[in-house]
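Along the sequence shown, the residues carry numbers beginning at 1.
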Amino acid sequence: MSRRVVSFALLAMLVWGQPARYRELRRVIDRNTGFAHMTRGVNMYTLYALRSCVGERDLPVLRDMLRDKDRITRMAVSSVLADMGGEGERAVRARLAEVRDAGEKMMLQDALGELARRDHRLILEYPLTGAERARIRGCK
């Protein structure tokens, strides 16, 4: 019985211990995540929704989100940080220097590599129809 109480207390601390802004951005990612072949993943709607919600003041929260336990969250955040340029790009590079996991390194390198592509377009400049924009569930 006491194990359950301790487990619940730890879970509660993890969930409610995160700042409100962290939880809000996590919800934006979760509500706009796509599914293909029964696999959850990041798509342009995910990136557009998150990017439209964040600015320079969110950099500390986004840096923390690069360490989230959910890979999809980390993938979306790394792409958005790289897209923000300057401090955001530096945050991704700093995280890249820290990680040892090959999959995590590849994900961060992909986010940075997107910037180097000749046909790179900023996330908020991605062409969406009015109907597509209406489907995006961003910040409140």
Side-chain angles (χ1 to χ4, degrees):
M1 181 67 170
S2 66
R3 265 191 191 157
R4 287 186 184 162
V5 172
V6 170
S7 296
F8 179 75
L10 289 173
L11 180 63
M13 284 172 37
L14 286 173
V15 172
W16 292 298
Q18 296 171 335
R21 185 66 174 158
Y22 191 110
R23 292 191 310 269
E24 180 182 15
L25 296 177
R26 202 46 220 275
R27 268 193 306 274
V28 169
I29 293 168
D30 290 342
R31 286 191 322 233
N32 291 282
T33 298
F35 290 88
H37 308 286
M38 298 183 51
T39 303
R40 183 172 164 255
V42 172
N43 60 34
M44 201 60 207
Y45 298 121
T46 314
L47 299 179
Y48 193 93
L50 182 60
R51 181 65 182 100
S52 65
C53 288
V54 297
E56 296 292 319
R57 65 182 170 77
D58 293 306
L59 283 169
V61 174
L62 293 170
R63 274 190 207 100
D64 289 345
M65 293 179 84
L66 281 176
R67 290 175 173 77
D68 195 274
K69 65 179 173 31
D70 178 47
R71 180 170 171 78
I72 299 305
T73 297
R74 294 190 315 268
M75 191 180 299
V77 168
S78 64
S79 292
V80 166
L81 278 168
D83 186 73
M84 292 172 76
E87 285 299 313
E89 188 178 342
R90 281 190 281 284
V92 175
R93 289 187 191 285
R95 182 67 182 141
L96 179 60
E98 296 171 2
V99 297
R100 299 290 168 242
D101 179 67
E104 195 74 10
K105 278 187 177 288
M106 283 179 31
M107 179 195 64
L108 295 166
Q109 288 168 338
D110 284 347
L112 294 168
E114 183 65 28
L115 301 174
R117 288 184 40 202
R118 219 171 35 119
D119 62 341
H120 174 71
R121 173 182 292 170
L122 294 175
I123 292 171
L124 293 178
E125 293 175 0
Y126 195 79
L128 297 172
T129 66
E132 289 171 323
R133 287 181 201 283
R135 286 186 15 213
I136 295 172
R137 295 177 297 242
C139 294
K140 294 178 182 182

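- Between Val54 and Arg21 the shortest side-chain heavy-atom distance falls below 4.5 Å.
- Between Ile123 and Met44, the closest side-chain pair of non-hydrogen atoms falls below 4.5 Å.
- Residues Thr46 and Gly41 approach most closely at OG1-O, 4.3 Å, considering heavy atoms.
- Nearest heavy-atom pair across Asp58 and Cys53 is OD2-O, 3.8 Å.
- Judged purely by atom type and a 3.5 angstrom limit, Ser78 uses its side chain to pair as donor or acceptor with the backbone of Met75.
- Follow the hydrophobic side-chain contacts under 4.5 Å out from Val28 and you never reach Ile72; the two are in separate clusters.
- In this structure, Asp83 and His120 have side chains that are in contact, with non-hydrogen atoms separated by less than 4.5 Å.
- Val61 has its side chain within reach of Leu25: a pair of non-hydrogen atoms, C-beta onward, lies under 4.5 Å apart.
- Across Arg74 and Glu104, no two heavy atoms sit closer than the pair NE-OE2, 2.8 Å.
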TODO: Check step by step if salt bridge (Lys or Arg N to Asp or Glu O under 4.0 Å) holds for Asp101 and Arg71.
DONE: CA-CA 12 Å; Asp101 179 67; Arg71 180 170 171 78; 5.5 Å; no
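- We find the CZ-CG distance between Arg51 and Leu122 to be 8.0 Å, quoted to the nearest 0.5 Å.
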Open item on the list: For Arg27 and Glu24: C-alpha separation, side-chain torsions, deciding distance, then whether salt bridge (Lys or Arg N to Asp or Glu O under 4.0 Å) applies.
Closed with: CA-CA 5 Å; Arg27 268 193 306 274; Glu24 180 182 15; 5.9 Å; no
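- The pair Glu114-Arg117 meets the salt-bridge criterion, with a side-chain N (NZ, NE, NH1 or NH2) lying under 4.0 Å from an Asp/Glu carboxylate O.
- With values rounded to the nearest 0.5 angstrom, Asp64 atom CG is found 11.0 Å from Leu59 atom CG.
- Side chain of Lys105 to backbone of Leu96: a donor-acceptor contact under 3.5 angstrom is found.
- Both Val77 and Leu124 sit in one connected hydrophobic cluster of ILVMFWY residues. Membership requires side-chain heavy atoms under 4.5 Å apart, directly or through other members.
- How far CG of Leu62 is from CG of Asp68: 11.5 Å, rounded to the nearest 0.5 Å.
- A donor and an acceptor atom, one from each side chain of Asn32 and Tyr48, are nowhere located under 3.5 Å apart.
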TODO: Tell me, with the steps shown, if Arg40 and Asp30 meet salt bridge (Lys or Arg N to Asp or Glu O under 4.0 Å).
DONE: CA-CA 10 Å; Arg40 183 172 164 255; Asp30 290 342; 2.9 Å; yes
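- Counting only distance, with no hydrogens or angles, the side chain of Arg121 and the backbone of Tyr126 share no donor-acceptor pair below 3.5 Å.
- Using a 4.5 Å cut-off on side-chain heavy atoms (C-beta onward), Val92 and Glu89 make no contact.
- Rounded to the nearest 0.5 angstrom, Glu132 CD and Tyr45 OH are separated by 3.5 Å.
- The nearest pair of heavy atoms linking Thr33 to Ile29 is OG1-O, 2.5 Å.
- Nearest heavy atom pair, residue Leu47 against residue Ser79, reads CD2-CB, 3.7 Å.
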- [ ] Apply side-chain contact (heavy atoms from CB on, under 4.5 Å) to Arg93 and Arg90, showing your working.
- [x] CA-CA 5 Å; Arg93 289 187 191 285; Arg90 281 190 281 284; 5.5 Å; no
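- Ionic pairing of Arg95 and Glu98 is present here: one or more N-O contacts between side-chain nitrogen and carboxylate oxygen are shorter than 4.0 angstrom.
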